[in-house]
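Read the structure below first, then the notes.
Because the structure is predicted, anything quoted here is derived from the model rather than measured.
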Amino acid sequence: MPQSDSRTTVRSLLRGALPPARRWVPTILAGLAAEASAVALLAVSAWLIVRASEQPPVLYLSLAVVGVRFFALARASARYLERLFGHDAALRQLVRTRTDLVRRLVPLAPDGLSRTRSGSVLGALVDDVDDLQDLPLRVIQPLASSALVAALSVILVGLVWWPAALTLLGCLVLAALTAAVWGWAAGSRAERAVAPLRARVTEALLDHLSALDVLHAYGAAEASRARIDAADRALRRAVVRRAGAQAATTAVVSVAAGGASIAAVLVSTPAVASGALSGPGLAVVVLVPMAVFEVFAVVPSAAAAWRTVRASATRIADAVPDDLPVEPRRGSPGGTDRHGPVAGRGTVPAGSDGEVAGWCRRGAARRRPRRRARRARAGVGRERLGKDDARARAGALPRARRRLHDRGRSGHRVLP
């Protein structure tokens with residue numbers, strides 16, 4: 001693998017977290033259908049209720065009744081397909097991302113991970129990799145669906161009454177800018193701190209469980225538990241601050257939704273009085289902004305999820321070293337080692353197949369003469385004995401029996 005491809009960067013992690021287009025395009029289309037059906041359902045329902053209050057013939061209402069049923073069923077079906085396709089694609093890609101990361105860490109262990117704490121590596125493999133699935137599910141898909149539905153809704157309101165479409169567009173832009181700026185100022189620091197604090201909790205738990213007997217032996221178990229409690233409290237505070245920032249941005253979007261409806265009433269009432277706009281049209285331009293902002297409410301959450309995903313990708317890139325460990329027993333090209341010259345060989349990464357095979361061959365060559373001498377001392381060569389000798393028929397004696405046999409031949413007392 002080339003060196004440029006072997007490096008783990010934030011961009012490569014984010015690009016690797018995205019599912020292929022053939023799996024992700026159906027998710028985008030299903031999400032767009034679900035959000036558009038929600039807006040259309042509210043628009044058709046508002047028109048049907050107001051038009052039915054005028055008591056027209058039922059034939060004039062039949063199309064709207066069928067539309068309400070269709071959009072209600074389409075919304076539920078499209079939402080199910082969105083969840084099905086989206087989670088299937090994201091989880092498949094998550095498996096591939098985690099596998100690639102483990103494959104990247106295998107050649108580095110254990111020497112290449114000596115500068116990285118085990119808690120950081122464990123947090124990168126578990127929690128931070130899990131956060132990468134939010135990139136397609138909670139960032140790209142909601143932003144794409146909400147942007148397209150908002151544009152289509154502005155066009156729909158513009159076809160009914162264009163001043164209301166302008167007010168809707170202005171409120172959408174104002175809500176997006178305010179929510180993004182407020183969320184970035186209030187929650188970005190907390191969101192960046194969640195991943196390191198989570199890794200700190202994992203590291204403290206791992207140290208406590210791996211050295212529990214030593215901690216009890218030296219009376220340091222209470223201090224270790226206090227360290228875990230302190231890390232957990234810090235993580236809890238960061239999560240609460242992040243949730244508070246998200247709640248504040250949601251409140252800003254809700255206020256903007258109410259403002260869009262009030263502005264639509266203000267710009268549409270004169271048109272109704274003059275007869276330029278009908279009553280059902282007024283209901284449409286007033287109630288559609290509520291449905292649009294219900295869809296648009298995921299934008300602040302998507303911005304927060306993007307900051308979390310990027311922080312997790314940065315943490316994974318920092319936890320995985322870029323360089324492979326170098327075997328210290330190898331010398332420079334043309335040098336020598338303890339087993340003789342190493343002509344034309346450079347540094348070889350630890351754990352390679354050629355290195356292990358070389359060590360095994362040299363170890364076997366060193367052990368072979370000692371093994372032969374031990375076998376010669378342990379047994380008696382049959383080729384030196386006569387055919388009538390009992391020792392030739394019995395074979396080599398065990399070491400304890402041979403010692404007793406030699407003592408008997410030299411005149412010492414032999415135990416039974």
Side-chain angles (χ1 to χ4, degrees), residues 10-11 13-14 17 90 94 97 116-143 146-147 171-208 223-259 293-319:
V10 177
R11 181 176 298 179
L13 288 170
L14 294 177
L94 181 64
T97 302
T116 307
R117 298 187 64 89
S118 57
S120 300
V121 178
L122 184 60
L125 278 175
V126 180
D127 297 327
D128 293 333
V129 175
D130 287 341
D131 289 339
L132 293 181
Q133 67 179 330
D134 292 341
L135 179 60
L137 290 178
R138 298 185 180 180
V139 179
I140 296 179
Q141 195 275 331
L143 288 179
S146 60
C171 290
L172 285 173
V173 174
L174 181 62
L177 294 178
T178 304
V181 172
W182 176 263
W184 188 271
S188 60
R189 184 177 179 181
E191 288 162 0
R192 287 195 302 267
V194 167
L197 291 175
R198 188 189 298 155
R200 188 181 301 175
V201 173
T202 305
E203 179 182 328
L205 285 171
L206 186 62
D207 292 343
H208 180 80
S224 179
R225 283 194 289 267
R227 178 191 173 197
I228 296 174
D229 293 338
D232 182 70
R233 286 194 298 270
L235 176 61
R236 188 164 58 248
R237 287 194 297 268
V239 172
V240 169
R241 287 198 302 269
R242 182 180 65 177
Q246 293 178 359
T249 54
T250 304
V252 170
V253 173
S254 299
V255 171
F293 274 93
E294 182 181 357
V295 175
F296 192 77
V298 299
V299 173
S301 302
W306 162 249
R307 292 190 291 268
T308 303
V309 167
R310 185 169 181 83
S312 299
T314 304
R315 180 168 176 78
I316 293 174
D318 294 339

_I'd like to know whether Leu172 forms a side-chain contact (heavy atoms from CB on, under 4.5 Å) with Phe293, so could you lay out the CA-CA distance, the side-chain angles of the two residues, the decisive distance to 0.1 Å, and finally the verdict._
CA-CA 8 Å; Leu172 285 173; Phe293 274 93; 3.7 Å; yes

*What's the shortest heavy-atom distance between Ala304 and Gln246, and which atoms?*
CB-NE2, 3.6 Å

*For the residue pair Val201 and Asp232, what are the closest heavy atoms and their distance?*
CG2-N, 3.8 Å

*asked:* List the residues meeting side chain to side chain contact (heavy atoms under 4.5 Å, CB included) with Ala302, not counting sequence neighbours, and say none if there are none.
replied: Leu143

*Apply side-chain contact (heavy atoms from CB on, under 4.5 Å) to Arg200 and Arg227, showing your working.*
CA-CA 10 Å; Arg200 188 181 301 175; Arg227 178 191 173 197; 5.7 Å; no

*Approximate separation, where rounding is to 0.5 Å, of Leu132 CG and Thr308 OG1*: 11.5 Å

_Shortest non-hydrogen contact between Leu235 and Arg198, atoms and distance_ = CD1-N, 3.8 Å

*Drop me the distance from Arg307's CZ to Ser312's OG, to the nearest 0.5 angstrom.*
13.0 Å

*What distance separates Arg310 CZ from Thr314 OG1, expressed to the nearest 0.5 Å?*
5.5 Å

_Can you tell me how far apart OG1 (Thr202) and CG (Asp207) are? Round to the nearest 0.5 Å._
10.5 Å

*asked:* Can you list everything that forms a side chain to side chain donor-acceptor pair (under 3.5 Å) with Thr249? Sequence neighbours excluded, please.
replied: none

_Minimal non-hydrogen separation, Ala256 against Ala175, with atom names_ = CB-CB, 3.5 Å

*Between CG of Asp130 and CG of Leu94, what distance do you get to the nearest 0.5 Å?*
5.5 Å

*Do you know the tightest heavy-atom contact between Val309 and Asp131?*
CG2-O, 3.3 Å

*Closest heavy-atom contact between Ala297 and Val253?*
CA-CG1, 4.0 Å

